[in-house]
K.L.:
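My structure is below; once you've seen it, I'll send some questions.
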Amino acid sequence: MNKNMLTTKEVGLISELLTLEESACKKARLYSRTITDPAISETFKKIADNHQKRFNTLFEML
């Protein structure tokens, strides 16, 4: 998919999703650094990584 194939509405929706994924990633990274339980901290790191992957995939669509 390239830019020329996306409608204005699609670009707007992807941009909104980028904002949400970025926010979720930042929150999960913050939680991973502040939670003292190592297992839960690692889970939040994995969650943050997944949000980052989705962000990168969405960004590549633009």
Side-chain angles (χ1 to χ4, degrees):
M1 196 178 275
N2 66 40
K3 295 186 235 197
N4 298 332
M5 295 173 63
L6 296 175
T7 66
T8 303
K9 184 174 182 177
E10 290 168 331
V11 170
L13 291 171
I14 291 171
S15 295
E16 186 176 335
L17 288 171
L18 283 168
T19 300
L20 295 171
E21 289 294 348
E22 180 181 33
S23 176
C25 181
K26 286 180 179 180
K27 287 178 184 179
R29 291 222 191 276
L30 174 65
Y31 298 154
S32 75
R33 290 191 303 266
T34 57
I35 291 175
T36 56
D37 183 303
I40 297 174
S41 177
E42 185 59 33
T43 298
F44 273 105
K45 285 180 188 173
K46 290 177 184 176
I47 290 169
D49 290 343
N50 286 333
H51 283 294
Q52 184 67 54
K53 286 177 190 173
R54 284 191 292 274
F55 178 92
N56 293 342
T57 300
L58 288 165
F59 189 77
E60 290 174 8
M61 293 177 146
L62 297 178

K.L.:
Quick one: CD on Glu21 to OG1 on Thr19, what's the gap to the nearest 0.5 Å?
P.N.:
10.5 Å
K.L.:
Check step by step if side-chain contact (heavy atoms from CB on, under 4.5 Å) holds for Asp49 and Arg29.
P.N.:
CA-CA 9 Å; Asp49 290 343; Arg29 291 222 191 276; 3.1 Å; yes
K.L.:
Taking C-beta and beyond as the side chain, do His51 and Lys27 meet within less than 4.5 Å on heavy atoms?
P.N.:
no
K.L.:
Between Met5 and Glu10, which heavy-atom pair has the shortest distance, and what is it?
P.N.:
O-OE1, 3.8 Å
K.L.:
Verify the cluster assignment for Phe55 and Leu6: are they in a single hydrophobic cluster under the rule of side-chain heavy atoms below 4.5 Å apart?
P.N.:
yes
K.L.:
Under 3.5 Å, is there a donor-acceptor pair between the Glu60 and Asn56 side chains?
P.N.:
no
K.L.:
How far apart are the closest heavy atoms of Cys25 and Ala48, and which atoms are they?
P.N.:
SG-O, 3.5 Å
K.L.:
Just verifying a value: how many Å separate Leu13 CG and Lys9 NZ, rounded to the nearest 0.5 Å?
P.N.:
6.5 Å
K.L.:
State the CG-OG1 distance between Leu17 and Thr57, to the nearest 0.5 angstrom.
P.N.:
12.0 Å
K.L.:
Which pair of non-hydrogen atoms, one from Leu18 and one from Phe59, has the smallest distance, and what is that distance?
P.N.:
CD2-N, 3.6 Å
K.L.:
Please give me the minimum heavy-atom distance between Val11 and Leu62, naming the atom from each residue.
P.N.:
CG1-CD2, 4.1 Å
K.L.:
Looking at Pro38, is its backbone amide N or carbonyl O close enough to the side chain of Ser41 to form a donor-acceptor pair, meaning the two atoms are under 3.5 Å apart?
P.N.:
no
